[in-house]
Amino acid sequence: MTGRKNNRIKGHVDALATGFKYLAEPNRMTLNYPDESMNLKDNYRGFFAVKDKTCIGCSLCEIVCPPKAISMLDLTDAGGKKKKRPMIDWGLCIFCYFCVDICPTDAFQTSQVHDKAFYSETEYQTVHGEPMQYPYDYSKRPDYKEIYESFHDVAPDDPSAGSKKVVPKFDKKRGIKYEHPGQP
Amino acid sequence: MIQILSLLMSVSLVSFIEYILPPILYIIVFPGLIVVLLMLFFMIWLERKVAAKTQLRFGPLYVSKRFGGVIQTVADLIRFSFQEFIIPAGADVFAYIQAPGLLMAFGLLPLIFIPVGPYYANIFPANYSLLIVVPLIIITPIYVILLGWASDNKFSFVGSMREAFLVISYEIPLILSILSMILLYGSVNAINGVSFQIGRGIPGIVLNPIAAFLFLVVMIRTTGRFPFEISEAESEVVMGPYTEYSALFFGIGMSLPYIELYSFSLLFSVLFLGGWWPIVPSAAAASGVVGGLLLPGLVVFIKALIVMAFLVFLRAVYPRYRIDQAITVGWDQAVYLGFAAVALSMALVWSGLV
Amino acid sequence: MSAPQDRTATANLTYDELAGLKADRELVLLIGPAHPGSGHMKIKVWMDGDIIQRVDPDIGFVHRTTEKLSENRLYIKAIPIVERVMLPDTINANLAYVIALERLLGIEPTPRAQYLRTLTSEINRITSHLYGIGLYGIFLGSSTVYMWAFADREPLIDLIEEISGARITYSYIIPGGVRWDLPAGFKERAETVLQYMEARLKDYGKIWVRNPVVMDRTEGVGVVSKSDAIRLGITGPNLRASGVDYDTRRAKPYAAYPNLDFEVPTFSEGDCYARLLQRVEEIEQSIRIIRQVLKDIPDGRIISDDIYSKMNPLQKRMYEMKHRVMFPAYMASMRPAAGRSTASVEAGRGEIFFYLVSNGDKVPFRFRWVTPSFLNLPFFTHVMVGQHLADLPAIYGSSDYFPPEADR
Amino acid sequence: MGGGADGVAYFGNLETVSKKAVSFLKKQGYVKSMINWGDKFSLWPVHLMTSCCGTEFAAASGPRFDLERLGFLPFGGPRQTNLIVIEGTTTLKMARSVRIVWEQMPAPKWVIAMGACAMDGGIFYDSYNTVPAKDIVPIDIFLAGCPPRPEALARAVVMLQESIVKNRPPAADIQVTAAPATPGPKDVVEAVSK
């Protein structure tokens, strides 16, 4: 492929023939997204939530979070004991999973949900209601207890849940093809 | 008023079918406005779809899933029609507004002079059809230049300059190519050309392949297909002359290359692909609307469609040439090829082989 | 507009007056930053007719202050930052930073981790080159090559996604090793993808590399001679396409490269076509390296004992079960001893150079890095003069310049 | 049709006449739904690479995700397009271009803020040289991730299409975002509802 001498006519014929080859035998690898969606691998880094029971409030996730998307809340549980719990701002999160990996008790509930979009800031800043301030703006921090109650242990809702799930498979000829797990 | 009514009543149904309906059919339906519009929608969709197929993907689909997104262009047109129309502050307003309209008008004009059936001679003077079509085709790009000039944008300016250079350099090959066919057919009447091909049983592309190839190259250049999509080159001059145009005016401007493509393809199928062969209407049928106009027209249209499909497919294969390379080809190799085509025609005629 | 119409009027003009006339004819084009052929930068072009007289690239549209940000954050937090700068080529940025950090910390990664780093780095090199080839297609007007290149990135991206759990921003390499081990059956799947890639390269040759129009556009355009290439300090494939046999993987070996057998292709012409061929050849070499890595990869831990010993029992159990490295709390409180370190890595576009200074604090005292695109910037302003306007995208595209990488 | 003072012919005041005509037409229900249908399947994003999410934007128009299926065709010039996808971080220098391009685009126009950097700043939240996208232009859809997967961009487009069909006006019509002379991270957004 690396030589420079080229027969021009052969070059044109080759180019047109290759074009025709792919036109006649389309080798598509398109995922019909809103109708189909991919089953991602288990270790895919998607949206996540906190398991309230497992969390010990050690603040390591807050310390290691590169974009400071996690800020610890001061809450009181049913028994009146003080506890700290992490709060995640999706407007900052970069899904590096440093928080998930550094957690000494494995208290993060991970998911493969990756395709969330929001109409307004209020939707993403807590996912459930009241907007959260910037994590470094601690002066204006409201009481997040209620928000947190609705947030932890809840797996993020998957926008593409209703679509047909397909599994991508490698193929020698087509690169990627999709298989429907439900079908034989 | 009464006189007009009585005049209308005196026109019988037969004369209506014979004299009034065909020109209307010809201008409005085929190859006129309605077919142009449908062809436009279809061709732009086909271009995107063919490119997408070669590129391992689907192309426009969700607008009508069952039919492969065939009405995608309609959606684009509706969106363009109701968008804000912006006139740039520095533009020459009068020229800026009128240029797309004139462009459209001059782009459509050649269609009248391309015979798509033997019946054509009854309606329009066909004796000089080829002599009229050539200047009409050549004059259209002047309005592309006007488009770029009026926009007051440097990229439009560069784009229209490119268009001007290319038009001039590909005029002579076009004229030489058509001239060689005129010499071969011994007539500037395209209907005679078709009857020549039908009479000999050999299409023009076999008789003079050099002229056919040259005409194809000029066609690719004039309609801005790849690899000669130079005046609109997106990565160099954004959209060339059309950069500043928005809303419906952009739609009108961008449809011009496809209208040109259509008229060129009709001309190509008449000149080189045997016109309405294999349908050869008898003398009686040739003066009828169906036998003389619609059926031959359909055949010419299908041939033109195949040519157009090939040309839009080139987008999937080629990148674009540089302007100076394209100009060099136009003034150098293409002109030699043109002379060769003329010489071949002369040789054929003088040797009496055809 | 004030140019004299009379031909005799110019006959007696002085040189300066003629120069003024010339300035009147000069066209200044501002290409970018919202121009389809510019990327994230503005190129100011002075033209006389269609010939470029002068080029002034205006960079800094994507300057995101990574060095200053990293100097105010924990060492571990710089990993995502350096990745964001080189998005088509994240593993190599990540690797370069982590090597510099490991030298500060005095940690040595395990052999298996070294091989995994090489593996992901080479897969990433292919995707990076395909990205460059695809965008070059757009610059020259061939949407097919763009689509094909982006299609063929996908299987390779899926391969790394299996290992690292992300599409582009892997954050895969950490001090002491890597974060995930190879999943089961990875070798077979990788082999399938490599065979697919090899078959596709033949079709690329027919429709793109050997296409006469492409050869017309690129041959003899934007020629950088060997001496110019060295003088301008350009790096990576662009340097090797000018005939300089320099590759960081050879010159300053790192990761598993000393154990591997591969060639460094070079071309002597130094024009746009040579730079295109250079990338295609390097893809072939990368395929060869990946095969060797998959064959020779040793068994063992993917994280060094220094880090493993700092994990708590739950994290150790997680590692044994899932082959996934959990971070000990040490990761958030690394305090390298005072000192300085450097690292060089051959990324897709050339050599990344890192310079870290620690004063024993938990944030770097000085964080400095040089990215390949910034080094490649001078060369296209150098060669564009005297070329046609249409050659600007041809040269720009052939240099595979990625503005966020240059602006840091 | 009147004659101008300096030999220029006018078709009335073109701008007011066309605006009146369009607003009349838009009040008709069937016309409105037709326009919505056209807008829904003809979202053309302008070529404006603000940052590194551009790689995933490019992958989204690539064959595997192929957003052209949804009528989403990336296009060169701003005059012919109706959508901006802000791809990641906007620096102070780029913010001006974003605003200029947004103002160059014809009227019904939408903006997608792609990625964490365009939402709240992402990993560059405290950089001295970046601006949140919402301080520059009014934004219709926010898209999480760094960078978001191409599917997520497809999700944003689908959500935008839904909102168009539901007659939700573009954010450009609801908010009036004053263009900051030198936009900075701390510039206050003045969102004025109609």
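In what follows, every chain begins at residue 1, and chains take the letters A, B, ... in the order their sequences are listed.
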What do you reckon, is [atom1] of [X] surrounded by more than 12 foreign heavy atoms closer than 6.0 Å?
| X | atom1 | answer |
| --- | --- | --- |
| B/Tyr258 | OH | yes |
| B/Trp45 | CH2 | yes |
| B/Phe165 | CZ | no |

Quick check on [X] against chain D: is it the side chain, the backbone, both or neither that has a heavy atom closer than 4.5 Å?
| X | result |
| --- | --- |
| B/Ile86 | side chain |
| B/Gln72 | side chain |
| B/Gln83 | both |
| B/Leu77 | neither |
| B/Val238 | side chain |
| B/Phe250 | side chain |
| B/Phe85 | side chain |

Considering only heavy atoms and a distance below 4.5 Å, find which of [options] pairs most often with chain D.
| options | answer |
| --- | --- |
| B/Glu234, B/Lys65, B/Arg48 | B/Arg48 |
| B/Glu244, B/Met239, B/Gln55 | B/Glu244 |
| B/Met254, B/Arg79, B/Glu84 | B/Arg79 |

Worked check of side chain to side chain contact (heavy atoms under 4.5 Å, CB included) between D/Phe41 and B/Asp76: CA-CA 7 Å; D/Phe41 289 111; B/Asp76 290 339; over 6 Å; no
Stepwise side chain to side chain contact (heavy atoms under 4.5 Å, CB included) test for B/Tyr62 and D/Gln161: CA-CA 12 Å; B/Tyr62 271 60; D/Gln161 288 182 341; over 6 Å; no
D/Asn82, part contacting chain B, at a heavy-atom distance under 4.5 Å: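 Both backbone and side chain.
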Test side chain to side chain contact (heavy atoms under 4.5 Å, CB included) applied to D/Arg79 and B/Thr243, step by step: CA-CA 7 Å; D/Arg79 298 281 194 219; B/Thr243 304; 6.0 Å; no
Closest approach of B/Ile78 to D/Ile35 (non-hydrogen atoms, all atoms of both residues):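 Answer, listing the atom of B/Ile78 first, then D/Ile35: CG2-CA, 4.1 Å.
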Chain B contacts, top residue of D/Pro108, D/Gly62, D/Pro78, D/Pro106 (heavy-atom pairs, under 4.5 Å):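 Ranked by contacts with chain B, first place is D/Pro106.
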Residues of residues 65-73 of chain D contacting chain B, heavy-atom criterion under 4.5 Å, by residue number: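 From residues 65-73 of chain D, the residues near chain B are D/Asp66, D/Glu68, D/Arg69, D/Leu70, D/Gly71, D/Leu73.
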Residues 42-60 of chain D: residues contacting chain B (heavy atom under 4.5 Å, by number):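 Listed by number: D/Ser42, D/Trp44.
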Donor-acceptor under 3.5 Å (D/Gln80 side chain, B/Ser246 main chain):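 No; judged by distance alone, with no hydrogens or angles, the pair does not exist.
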